[in-house]
Participant: 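Can you keep this structure in mind? I'll have questions shortly.
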Amino acid sequence: MKSSWKVSWLLVCLFLTGCQMSVLNPAGRVAEEQSRLIIFSFAVMMIILLVVFVLFFRFLWRYREDSRIERPPHTQENDNKKLEITWTVLPLLVLLLLAVPMLMQTYSLETKTTQEEMTIEVTGQQYWWRFDYPDENIRTAQELHLPANTNITFELNTEDVIHSFWIPQLGGKKDAIPGRTNELHLETGRPGVYEGKCAELCGAAHTDMRFQVVVHEEDDFTEWVEAAGQDVTPEENETVQEEGARVFQENCLACHAADGAATKNDQGPNLALYGERDKISGSFANDEEQLKAFLRHPNDFKPSTDMPAYNNLSREEMDALVNYLHGLTRENVQGGSD
Ligand code: CUA
């Protein structure tokens, strides 16, 4: 490889490290421990690097061509116990230094903490995530809502291929493997919105198999749970436009539920409180223009998605539908149910 190519690749790698998902900005206990581990191993590596470089330049200088030091005779040294023991024992110590805290951390992730507070069933499929709250009896997709400062057990499943569930700022990640349930124990910390992602190459739209994680204050979370489970069967809800509700019923309801009651249709992602979501399908800004473009040509956004194109809707129908979807907010849902 030419050296200019090498430099270009190095630059590309540097730019890639600038992606927004940071494991070094933890927002929960597990992630904090993991980021401490990263910083610790990085420090160990830097110390080794420093020693190696100092020696390298020292030898480079000391044994340079015009040095006046008398060079050692060109003899092969066959036996030097002291040296051999040193370069065997030193790396062993370094490996132990790295291995012990890492193994401890890995095993601590496997064990449930004593005060387990919440279980969420996560199901990955090409290319979206379903989230079931068995205790609350609700379901949502692409936007995971969690209470702050809580221990959470994620039960990871998949409907098709292997996916990997990862929320960098909360810690992780772990694979969802066909035919078995993997458990991941994390702890939320401060409230905020975090990025989640599938971390296992799973097909054409793997890159866009993202989700949002909204960590709420406790009261706010309870409010969200109540609102998400509200029945917003379109005909019963007067606060969202009738025409939009009709278009939704005729075109979308067969696959998507508009509320999070866990018994609803869910071939496609659940759309509970869709109007409050920041992202379409967990990946693209949820504004009017983009949502219309997504509904007309979902395949342009997510290659090989199961979502059919709705290019057959008239402009008025599309306007009404987008209005309806963006009207699915806590305010409307609760208002509509009294
Ligand atoms: Cu699912 Cu990558």
Side-chain angles (χ1 to χ4, degrees), residues 1 5-6 8-26 30-31 34-35 37-38 41-42 102 105-106 109-110 120-132 140-144 152-186 193-213 255 266-270 277-286 290 294 297-309:
M1 204 190 269
W5 271 103
K6 283 184 192 164
S8 316
W9 272 112
L10 201 68
L11 283 175
V12 167
C13 292
L14 267 178
F15 281 120
L16 284 178
T17 60
C19 77
Q20 78 276 42
M21 314 222 298
S22 175
V23 287
L24 298 175
N25 183 14
V30 176
Q34 289 179 348
S35 91
L37 207 57
I38 293 172
S41 36
F42 187 72
M102 270 183 205
Q105 167 90 68
T106 308
L109 269 183
E110 286 300 313
I120 294 177
E121 295 164 11
V122 175
T123 310
Q125 45 199 297
Q126 288 166 323
Y127 298 93
W128 57 281
W129 298 93
R130 186 173 73 214
F131 306 112
D132 281 293
T140 186
Q142 299 298 69
E143 202 175 81
L144 174 62
I152 294 166
T153 297
F154 293 102
E155 295 181 352
L156 309 176
N157 296 293
T158 167
E159 296 265 295
D160 37 50
V161 300
I162 300 177
H163 303 278
S164 185
F165 180 77
W166 190 27
I167 310 167
Q169 283 186 270
L170 294 188
K173 55 202 172 246
K174 205 166 209 178
D175 283 2
I177 296 170
R180 62 177 284 178
T181 301
N182 274 346
E183 281 191 2
L184 176 66
H185 307 282
L186 296 180
V193 180
Y194 310 109
E195 295 278 330
K197 184 173 189 342
C198 174
E200 178 74 49
L201 184 60
C202 56
H206 154 75
T207 316
D208 294 315
M209 195 170 160
R210 293 167 185 271
F211 57 101
Q212 301 272 298
V213 184
C255 297
D266 62 338
Q267 249 179 293
N270 183 288
R277 298 192 191 175
D278 282 345
K279 298 281 167 81
I280 300 167
S281 194
S283 294
F284 317 100
N286 188 8
Q290 195 138 235
F294 179 82
H297 303 286
N299 220 54
D300 291 355
F301 289 78
K302 283 199 161 180
S304 70
T305 174
D306 282 342
M307 166 94 180

Participant: I need the single residue from Trp166, Phe165, Trp129 that forms a side chain to side chain contact (heavy atoms under 4.5 Å, CB included) with Cys198. Which is it?
Facilitator: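 For Cys198, the side chain to side chain contact (heavy atoms under 4.5 Å, CB included) check succeeds only for Trp129.
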
Participant: Using only atom types and a distance under 3.5 Å, with no angle test, would you say the side chain of Tyr127 pairs donor to acceptor with the backbone of Ala204?
Facilitator: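 The answer is yes, because a donor-acceptor pair under 3.5 Å joins these two groups.
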
Participant: Check whether any side-chain N or O of Ser35 sits under 3.5 Å from a backbone N or O of Pro26 as a donor-acceptor pair, and report yes or no.
Facilitator: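 Flag not set: sc Ser35 to bb Pro26 has no pair under 3.5 Å.
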
Participant: Whether the side chain of Gln212 engages the backbone of Glu143 through a donor-acceptor N/O pair (distance < 3.5 Å, no angle test) should be reported.
Facilitator: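 Absent.
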
Participant: Taking all heavy atoms of Arg277 and all of Gln142, pick out the closest pair and write down the distance.
Facilitator: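 Distance-wise, the nearest heavy atoms are NH1-CB, 4.3 Å.
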
Participant: Are any of the side-chain heavy atoms of Val161 and Gln126 separated by less than 4.5 Å?
Facilitator: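 When only atoms from C-beta onward are counted, Gln126 and Val161 do touch, with a gap below 4.5 Å.
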
Participant: Hey, what do you get for CG (Asp300) to OG1 (Thr305), rounding to the nearest 0.5 Å?
Facilitator: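 Interatomic distance, Asp300 CG to Thr305 OG1, rounded to 0.5 Å: 11.5 Å.
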
Participant: Glu195 versus Gln169: any side-chain heavy-atom pair under 4.5 Å?
Facilitator: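 No, too far: nothing below the 4.5 Å cut-off.
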
Participant: Counting heavy atoms not belonging to Asp306, are there more than 12 under 6.0 Å from its CG?
Facilitator: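 No.
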
Participant: Can any side-chain N or O of Glu121 pair as donor or acceptor with the backbone N or O of Asp132 at less than 3.5 Å?
Facilitator: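 No.
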
Participant: Please tell me if the side chains of Leu156 and Val122 come closer than 4.5 Å, counting only heavy atoms from C-beta onward.
Facilitator: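 Leu156 vs Val122: side chains touch.
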
Participant: If you look at every heavy atom in Pro168 and Ala31, which pair is closest and at what distance?
Facilitator: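 For Pro168 and Ala31, the tightest heavy-atom pair comes out as O-CB, 4.2 Å.
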
Participant: Looking at CH2 of Trp128 and CE of Met307, how far apart are the two atoms once the value is rounded to the nearest 0.5 Å?
Facilitator: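 With rounding to 0.5 Å, CH2 (Trp128) is 12.5 Å from CE (Met307).
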
Participant: How long is the straight-line distance from CG of Leu170 back to CG of Leu144, given to the nearest 0.5 Å?
Facilitator: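 Here the interatomic distance stands at 8.5 Å.
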
Participant: Just wondering, do Ile162 and Pro178 contact through their side chains at under 4.5 Å, heavy atoms?
Facilitator: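 With C-beta onward as the side chain, the pair touches.
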
Participant: Only one of His206, Lys197, Glu200 forms a side chain to side chain contact (heavy atoms under 4.5 Å, CB included) with Ser164, so which one is it?
Facilitator: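 Result: among His206, Lys197, Glu200, Glu200 is the only option passing the side chain to side chain contact (heavy atoms under 4.5 Å, CB included) with Ser164.
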
Participant: Hey, could you give me the CZ/NZ distance between Phe284 and Lys279, rounded to the nearest 0.5 Å?
Facilitator: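 The CZ atom of Phe284 sits 9.5 Å away from the NZ atom of Lys279.
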
Participant: Can you give me the closest heavy-atom contact between Ser283 and Asp208, atom names plus distance?
Facilitator: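 Minimum heavy-atom contact is OG-O, 3.0 Å.
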
Participant: Could you grab the distance from atom CG of Asn157 to atom OG1 of Thr181, nearest 0.5 Å is fine?
Facilitator: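 Spacing of CG (Asn157) from OG1 (Thr181) equals 4.0 Å.
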
Participant: Quick check: does any side chain N or O of Asn182 sit under 3.5 Å from a backbone N or O of Asp175, one acting as donor and the other as acceptor?
Facilitator: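 Side chain of Asn182 to backbone of Asp175, a donor-acceptor pair under 3.5 Å: yes, one is there.
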
Participant: State, yes or no, whether a side-chain contact exists between Phe301 and Ser281 at a heavy-atom distance under 4.5 Å.
Facilitator: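 No. Closest side-chain heavy atoms not under 4.5 Å.
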
Participant: Looking at Ser304 and Asn299, what are the two nearest heavy atoms and their distance?
Facilitator: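 Ser304 and Asn299 have their closest heavy atoms at N-OD1, 3.1 Å.
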
Participant: Within a strict 4.5 Å, meaning less than it, do heavy atoms of the His185 and Val30 side chains meet?
Facilitator: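 No, side chains not in contact.
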
Participant: Restricting to non-hydrogen atoms, name the atom on Gly124 and the atom on Met209 that form the minimum distance, rounded to 0.1 Å.
Facilitator: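 In terms of heavy atoms, the two residues are closest at CA-CE, 4.1 Å.
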
Participant: Please report the interatomic distance OG1(Thr106) to CG(Leu37), rounded to the nearest 0.5 Å.
Facilitator: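 Those atoms lie 8.0 Å apart.
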
